[in-house]
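Here's the structure we're looking at; comments come further down.
Just so it is clear: chains get the letters A, B, ... in the order the sequence lines come, proteins before strands, and each one is counted from 1.
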Amino acid sequence: MAHYLVNANGKEFDIVIEKSGDSYRAVVNGREQTVESSSTGKSKSVMLVDGNSHEISINSNGYDNSRLVTVGGIEIELEIDNFRLAQLKKAAGNGTGKAALKKIKAPMPGLILEVKVNSGEKVESGQLILVIEAMKMENAIKSSAAAVVKNVAVSKGQSVEKGDLLIEFE
Amino acid sequence: MAHYLVNANGKEFDIVIEKSGDSYRAVVNGREQTVESSSTGKSKSVMLVDGNSHEISINSNGYDNSRLVTVGGIEIELEIDNFRLAQLKKAAGNGTGKAALKKIKAPMPGLILEVKVNSGEKVESGQLILVIEAMKMENAIKSSAAAVVKNVAVSKGQSVEKGDLLIEFE
Amino acid sequence: MKKQIKTILIANRGEIAVRIIRACKELGITSVAVFSSADRSACHVAMADEAYFIGEAPSSESYLVQDKIIETAKKCQADAIHPGYGFLAENAEFAGRCVQEKIIFIGPKAETIELLGDKIKARQKAIEADLPVLPGEEIDVANSNDALAKAESIGFPLLIKATVGGGGKGMRVVKSAEHFNESLIRASSEAKSAFGDGRVFIEKFLENPRHIEFQILCDTYGNVVHLGERECSIQRRHQKLIEESPSPVMTPELRQNMGEAALKIARASNYIGAGTVEFMVDRDLYYYFLEVNTRLQVEHPVTELVTAIDLVKEQIAIAENKTLSFSQDDISFSGHAIECRISAEDPQQGFVPSTGTIQDYRMPSGPGVRLDSGVESGSEISVYYDPLFAKLIVWGKDRSEAISRMKRALEEFRISGLKTTIGFHGIVMENENFVSGDFSTKFIETEFPNYEFEAADDKTIETAAIAAAIDKFKNESRINLQNGKSSRAAISTWSLYHRQRNMKKFSGSR
Amino acid sequence: MKKQIKTILIANRGEIAVRIIRACKELGITSVAVFSSADRSACHVAMADEAYFIGEAPSSESYLVQDKIIETAKKCQADAIHPGYGFLAENAEFAGRCVQEKIIFIGPKAETIELLGDKIKARQKAIEADLPVLPGEEIDVANSNDALAKAESIGFPLLIKATVGGGGKGMRVVKSAEHFNESLIRASSEAKSAFGDGRVFIEKFLENPRHIEFQILCDTYGNVVHLGERECSIQRRHQKLIEESPSPVMTPELRQNMGEAALKIARASNYIGAGTVEFMVDRDLYYYFLEVNTRLQVEHPVTELVTAIDLVKEQIAIAENKTLSFSQDDISFSGHAIECRISAEDPQQGFVPSTGTIQDYRMPSGPGVRLDSGVESGSEISVYYDPLFAKLIVWGKDRSEAISRMKRALEEFRISGLKTTIGFHGIVMENENFVSGDFSTKFIETEFPNYEFEAADDKTIETAAIAAAIDKFKNESRINLQNGKSSRAAISTWSLYHRQRNMKKFSGSR
């Protein structure tokens, strides 16, 4: 038996997993469900939750708590932690309660056309951060969550490679 | 530069390979050709021979000399050796001059219905060796080359698993 | 009374389960898959909305267990069960149990399945409905003198066939009287062990017949239509390999006559749903009723491509008591469709089944290409079920375009990890007699005796040799670089030789 | 004089090169690919019969270099060059050079390309041929007073457009006189830098128009036909995203009128080959000539699916000086087709391009589904070329079936390794106004302001959470087993915490 705390899209799930024959018993926020899970390839599986079928793929990097889970083609980023550990972390003010936005990296090589934020500025989810020109198109880079800008690593007119750090948040 | 001897389907190819910029110069039985080869995945590549395009996949197991090469979906089994080494081996009577048939393994789990050869018998290419029943169908197992039977490892009525040794040749 | 179906349990697996799931998804119907322990991660499980375990890998413990399937249907509140083909598709008892349990069986009524499943009764019905049949008679295996007399009155060669069942089991061609008795006993015992019914009958044997079948659709209000023919003569051991529509020998008059004959037996047997009336056709284009398959056929897509009618959706509409939305006059035929059955078999080795895990799986696509597949990269082909795992179907404006398109699609189709019939089909598409349309059910044994197919041509072999040499060169260059040597430094042949010998100690003997 | 084409060089890459290679293979024509250094292992290189390197990754050093392409065509003795779309497809100079070099250019004559490529001349031609056009005028950027006067006589809102070029560059909507001058200067400078020609003209701006285009085919003997319309209103920044045929607003009369208009300009410009006449259509179904695209369009498959005519094969037949094998009366339209353009873009981030290597690539298939793709598992999507890498096209008996089939196919389509527009298309297919057919070119900005699309629903998020928990549970069980512990033994939370902290030291900060 194991007890986890999962944070996804701002929602918290308290999940207890227990093996039961070939399947699993999952108690999710108090509601019990039967889960079957069969691997179909590296990081891919078919998962049946009370019979409902889902194609799952999970990307993780070892002990890191963040996962990119794809359910039937829809991507969901989440954090998973052992329940007690999560509570200890929370108590220590280091909670996984919110998947905090840490940095923005260049999604492609290109030219920085505009930088719309400054260091120390508070940004809202969806706010325009900067504009990159690539493939002859202007591409708006927006914040995916509310955060405070710690450092603006690029400036207007600068060329960037894919993966270059653009913005760091507090 | 490297010099190889390749044996495929009873044919011998004396091949010299040399790098030439981004491509290769291949002298095959004295005829020079330009080859470009780009990997498209694990063991897969696109190969252009004097511009002619081929999709290639190669299966090998490390230092072993036998390869299963697929050219545009057609499978060809071959042996490749360093040229001088092949000549040394030939001189030592241990030539790779013929991809000799060594053994037949069960291609699937099943029941041995008939065994048509005996130890010591000489068989021709295409000769019926034995019959296995699987998936409720009778399946004829034939010799893929001329050879002499060394050992018949199964008998009529026996159940076999996939990969079980059926026949060994000299 | 019309009834909207909300949930369908699909009592099948593989490509046909996927085919039915696709129709359900497009109709907004909840699809429920069932699976055995061998199919936990199968495509049909992953694609269905819901999926339930029904037992161990052998189909006798899972896909054939009526109790488990009915129980699952009730658990998930399925309105209907689609049996696909094979398994329980032509099981009258199962169709009857569904009715008892108030679950719609997507197929004909139990009594129709029973009537047409018995070849003697079906033959009798055909005669009554004025369909041409081959000379034939039911015989009593126990009374061998009488049987032989009947055989001689029909004349040799003749065919002994199991009264119940199909798939070539319990079937024997007898060329002369001297082998008759022995063949009779073997056929009957084979029929008994395969179908639990040792009854057989004899029929005049046509030497080089074509196998041509008609697709029918019948609603619950007595409306019946046929959707033209499928030419299914390319067979091996009575198993169809390639099907097409139209038949290269079909004429509008013959289509009308045979289609009308198909509808006669449909009416005579109160047929409901999709079905197939099979005929033998001789060289002079005389046709003879063979049997009725009371299910969706493997080869239904060729009809779908030339008529633009979705047969699975029509089956579901009929099961909902809807009236057919078209009459015979509304059905038109456009272009030409061919289907190649892609199986996990090794044609070079007499089509021996090939099991394993599919590694790369590159599907053909583009204009006029349809693939109905039950696998993807990573799928396991096990020994438990039919080796058919995909069907490649193409449409062309005429037969010639369809053939060239099929060749192109077969070339694109790549599967690694096991042997398949893809290459074999490519060879058939280039066969002169196939291309000219001049073939019969003897095609495979005549054109490819001993299943010997053309090997790779010299150019391909040379290409393979070059590919291997380039590959080895690249690997050695990499090794040299790793050892800190220049990529051009020749490796010592002797040291390589010793290294190889040492490796062999660990990798086992060859 | 008829001429059989034996070898075609395809001066393009990606899905359209693959599309043309497929046609060549089916016609028995040798296909020759060209490739840049970024495309050494691309699909079009692997699939073509021959392939030749033509330069570095930027298209200005490879796919756009006329000398290299002509030189390669001569080296491999190509009879003809197919330019696809984009790159050199609408370059009159290149078409002319092919003629000089005695290579067939598969497309209209150079003078036709030149005439129709100049929007002012094309507009003039349309007026002469009696096609309705929007009020508009050519203007002199240097004379701003005169320009403003002309603008005011047309009235606001109006559209400033580059005389040469397309793709939304050099295009500005001006709502009132005060912004006119500034917009004019920006549009002209954008046109100058994009097309080397700063000329612009102004046109009345329709507020909520539909974009509807007609496919035409013209042989070298003056036979001209249209193949019906394509509705292309679902656009983003003047880039089409979804196309369908027929248009939800089309009537037989309107089709006949617009089709006839399309043929008028085809005749007036001595058009040869396949082309597209684009129109704007207002809410009252008045239509206005927009421009002629002198090439095969990205969206040509929807026309192929409803007419059963292979446009690439027709292009080749026309290039061989064959007479069109059908007249306008022979062309009939059946069912409904929809195309979704699948691009490597992240719709959630304002469609920012997404580059990388395609990991898993599971293609949709089954009834009525066609995928024209230029990639497979392992393909690299680079920054150098258009992010469009595949087109998913479906056919249904009516619009409703086509939409439900497209949803089903989009659900089946899986790509990992980069972001794509697959999910976005799924959302559009469920949009009320798309389903009802009530939309204009404003659809995307009206329905999805700020490109904010529905996020995953609660059920899906919960499923993801369960999946992650099961995955973690399985991994921990495995670790415990490896450590020799029972799979049920709870791992110490504290030791795990410390282990995690230690791991982080090596895996870098988060």
Side-chain angles (χ1 to χ4, degrees), chain B residues 1-2 4 6-9 11 13 15 17 19 24 26 28 33 35 37 41 44-45 47 49 52 54-67 69-76 78 80 82 84-85 88-89 102 107-110 126 132 134-137 139-142 144 162, chain C residues 169 194 237 346 348-356 360 383-387 410-416 419 422-423 426 450-452 455-456 458 460-477 487-488 490-491 493-494 496-497 499-500 502-504 507 509-510:
Chain B
M1 206 186 78
Y4 303 109
V6 180
N7 265 281
N9 285 32
K11 291 189 175 60
F13 299 90
I15 304 182
I17 303 284
K19 192 114 178 76
Y24 302 89
V28 183
Q33 307 181 52
V35 181
S37 168
K44 292 192 297 175
S45 61
M47 185 173 78
V49 182
N52 290 294
H54 305 280
E55 288 182 85
I56 304 291
S57 98
I58 301 187
N59 280 304
S60 63
N61 36 9
Y63 280 101
D64 190 331
N65 289 330
S66 65
R67 300 279 186 281
V69 180
T70 309
V71 178
I74 299 166
E75 286 184 354
I76 292 149
L78 52 77
I80 181 164
N82 282 63
R84 282 181 57 201
L85 190 61
L88 287 164
K89 278 197 203 165
K102 289 293 184 198
M108 72 227 127
I132 302 184
M135 287 159 153
K136 300 206 170 123
M137 297 291 277
N139 304 289
I141 308 295
K142 295 172 181 178
S144 65
K162 185 178 171 170
Chain C
K169 278 161 211 128
R237 294 190 189 176
D346 185 355
Q348 306 271 9
Q349 298 286 333
F351 289 87
V352 54
S354 177
T355 56
D360 293 314
V383 74
Y384 298 106
Y385 313 110
D386 198 290
L410 288 164
E411 251 185 65
E412 290 180 17
F413 205 171
R414 288 295 149 71
I415 297 176
S416 68
K419 305 275 186 187
I422 294 172
N450 305 317
Y451 306 118
E452 273 162 16
D458 288 356
T460 306
I461 296 166
E462 181 175 325
T463 304
I466 297 171
I470 295 279
D471 183 61
K472 198 172 171 69
F473 184 82
K474 279 187 184 178
N475 284 335
E476 288 172 359
S477 303
S487 71
R488 289 197 164 233
I491 191 161
T493 306
W494 279 113
L496 192 63
Y497 186 55
R499 218 191 288 169
Q500 287 184 348
N502 288 335
M503 287 303 292
K504 281 183 190 168
S507 63
S509 70
R510 288 196 39 251

**Report entry** Max heavy-atom pair count under 4.5 Å with chain B, selected residue of K419(C), E411(C), K474(C)
**Finding:**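 Ranked by heavy-atom pairs under 4.5 Å with chain B, first place is K474(C).
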Query raised in the report: Any idea which of L410(C), D458(C), D346(C), I422(C) has the most non-hydrogen atom pairs under 4.5 angstrom with chain B?
Result: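 With the most close heavy-atom pairs to chain B, the winner is D458(C).
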Tell me, do [X] and [Y] make a side-chain contact under 4.5 Å, heavy atoms counted?
{"X": "D471(C)", "Y": "R67(B)", "result": "yes"}
{"X": "R414(C)", "Y": "T70(B)", "result": "no"}
{"X": "I132(B)", "Y": "V352(C)", "result": "no"}
{"X": "I461(C)", "Y": "F13(B)", "result": "yes"}

Indicate the atoms forming the closest heavy-atom contact of [X] with [Y], along with that distance.
{"X": "A467(C)", "Y": "I58(B)", "result": "O-CD1, 3.5 Å"}
{"X": "E476(C)", "Y": "N82(B)", "result": "OE2-OD1, 3.5 Å"}
{"X": "A468(C)", "Y": "V69(B)", "result": "CB-CG2, 4.2 Å"}

**Report entry** Nearest-0.5 Å distance that lies between atom CD1 in I76(B) and atom OG1 in T463(C)
**Finding:**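 Rounded to the nearest 0.5 Å, the CD1-OG1 separation comes out at 8.0 Å.
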Requested in this report: Starting at NZ of K44(B), measure out to CG of D360(C) and round the result to the nearest 0.5 Å.
Outcome: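 Taking NZ in K44(B) and CG in D360(C), the distance rounds to 4.0 Å.
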Query raised in the report: Is it the side chain or the backbone of I15(B) that comes within 4.5 Å of chain C heavy atoms, both, or neither?
Result: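 Answer is side chain: those atoms of I15(B) sit under 4.5 Å from chain C.
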**Report entry** Part of F351(C) within contact of chain B (heavy atom distance under 4.5 Å)
**Finding:**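 The answer is the backbone of F351(C).
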**Report entry** Donor-acceptor pair, side chain of Y4(B) and main chain of F473(C), under 3.5 angstrom
**Finding:**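 Checking the backbone N and O of F473(C) against the side chain of Y4(B), a donor-acceptor pair under 3.5 Å is found.
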Query raised in the report: Side chains of Q33(B) and E462(C): is there a donor and an acceptor less than 3.5 Å apart?
Result: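 Present: a donor and an acceptor within the cut-off.
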Query raised in the report: Top residue by heavy-atom pair count (under 4.5 Å) with chain C, among V6(B), I141(B), I17(B), V35(B)?
Result: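 If we count pairs closer than 4.5 Å to chain C, I17(B) comes out on top.
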